[in-house]
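Along the sequence shown, residues are numbered consecutively beginning with 1. Keep in mind the model is a prediction, meaning the values are calculated, not measured.
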Amino acid sequence: MHEIGLIQAVIDEITKAAEANGITRVNKVRLVVGKMNGAIPDALEFAFSVLSPGTIFEGAALEIEPVDVTLSCPRCGAESVVSEIAYFCPECGARARVVKGTELYIDYFEGDDGTGEGENDESRDGAAHTAGQRPGGA
C-alpha cells in the first residue's frame with residue numbers, strides 16, 4: 001500500500017507550506033489523482049485518516065478529484081477520454097499516447113492562521129469575546 005507514503009509526502013509538503021505561511025490548522029486538502037497513477041482513492045483516504053490525528057491535519061477533510069485517462073492517437077489524430085486504463089485508440093485501434101490520467105498533485109489546501117487564538121482566553125474576563133464582534137452585534 002504505497003498510499004501511506006504518498007499521503008505522508010502530501011502531509012510533509014503541506015506542513016512546510018503551512019509553517020512558511022503561519023497556518024496552524026489545516027481544514028481541507030484537495031488532491032488531483034489521475035486514474036493511471038496507481039493510487040487508489042479509498043486507500044488515500046484511509047491513509048489520511050490514519051496519519052492525520054495529532055497533527056495540524058486532525059479533523060481536516062480530504063477531497064480527491066479523479067482524472068480520467070485521455071489518449072491522443074498519432075495515427076488518426078483522435079483525442080479520447082476513456083474510463084479505464086487503455087493504451088490503444090478507441091477510434092482506430094492504433095497505439096495511443098496518454099496525455100492525461102497520470103497526475104497526482106496537491107490542488108490546494110485551506111487552513112487557519114491562528115489569528116482567532118486568544119478570543120476564548122478566560123483571563124480576559126469575556127472582553128475578548130465581544131472585541132471580535134462586528135458593530136451591531138452581527
Quiz prompt | salt bridge (charged side-chain N to carboxylate O under 4.0 Å, His left out) evaluation trace for Asp68 with Lys35 | solution = CA-CA 6 Å; Asp68 286 332; Lys35 290 184 177 178; 2.6 Å; yes
Practice problem: Before giving the answer on side chain to side chain contact (heavy atoms under 4.5 Å, CB included), spell out for Ser80 and Cys73 the whole-Å C-alpha distance, their side-chain angles and the decisive distance to 0.1 Å. | Solution: CA-CA 8 Å; Ser80 307; Cys73 181; over 6 Å; no
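- Under the 4.5 Å side-chain contact rule for hydrophobic residues, Val82 and Phe88 share a cluster.
- Within the 4.5 Å cutoff, the side chain of Ile56 has no heavy atoms near those of the Thr24 side chain.
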Quiz item: For Glu13 and Lys16, what are the C-alpha separation, side-chain angles and deciding distance, and is it a salt bridge (charged side-chain N to carboxylate O under 4.0 Å, His left out)?
Solution: CA-CA 5 Å; Glu13 284 301 313; Lys16 287 180 200 171; 3.6 Å; yes
Self-check item: Worked check of side chain to side chain donor-acceptor pair (under 3.5 Å) between Asn27 and Asp112
Solution: CA-CA 7 Å; Asn27 300 318; Asp112 298 327; 3.2 Å; yes
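- The OH atom of Tyr87 sits 9.5 Å away from atom CG of Leu71, with the distance rounded to the nearest 0.5 Å.
- Annotation: side chain of Lys100 is not in contact with side chain of Val69 (no heavy-atom distance under 4.5 Å).
- Rounding to the nearest 0.5 Å gives a distance of 5.0 Å between CZ of Arg97 and OG of Ser72.
- Contact annotation: the side chain of Val33 never approaches that of Glu65 to less than 4.5 Å [non-hydrogen atoms, C-beta and beyond].
- Judged by distance alone, with hydrogens and angles left aside, the side-chain atoms of Arg25 form a donor-acceptor pair with the main-chain N or O of Glu58 at under 3.5 Å.
- No donor-acceptor pair under 3.5 Å is formed between the side chain of Glu45 and the backbone N or O of Leu62.
- In this structure, Leu104 is a member of the same hydrophobic cluster as Val10, with clusters built from ILVMFWY side-chain heavy atoms closer than 4.5 Å.
- Each of Thr70, Ile85, Val67 was compared with Met36 under the side chain to side chain contact (heavy atoms under 4.5 Å, CB included) criterion, and only Ile85 meets it.
- Among all heavy-atom pairs drawn from Ala78 and Glu91, the shortest one is CB-CG, 3.6 Å.
- Judged purely by atom type and a 3.5 angstrom limit, Asn21 has no side-chain atom pairing as donor or acceptor with the backbone of Ile23.
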Practice problem: Report the C-alpha distance between Ile106 and Ile14 in whole Å, list the side-chain angles of each, state the deciding distance to 0.1 Å, and finish with yes or no for side chain to side chain contact (heavy atoms under 4.5 Å, CB included). | Solution: CA-CA 9 Å; Ile106 302 165; Ile14 292 176; 3.8 Å; yes
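- Atom OH of Tyr108 is surrounded by more than 12 heavy atoms from other residues, nucleotides or ligands within 6.0 Å.
- In plain terms, the two heavy atoms of Arg75 and Cys92 that are nearest each other are NH1-O, 3.8 Å.
- Of all heavy-atom pairs between Pro41 and Ile64, the closest is O-CD1, 3.7 Å.
- For the atom pair OG1 of Thr55 and CZ of Phe48, the computed distance is 7.0 Å after rounding to the nearest 0.5 Å.
- For the pair Ile7 and Leu31, the minimum side-chain heavy-atom distance is below 4.5 Å.
- Taken together through direct or relayed side-chain contacts under 4.5 Å among Ile, Leu, Val, Met, Phe, Trp and Tyr, Ile4 and Val29 form part of one hydrophobic cluster.
- A distance of 11.0 Å separates CG of Leu6 from CG of Leu51, quoted to the nearest 0.5 Å.
- In this structure, Arg30 is not positioned above the aromatic face of Phe109 in the sense of NZ or CZ being under 6.0 Å from the six-membered ring centre and within 45° of the axis.
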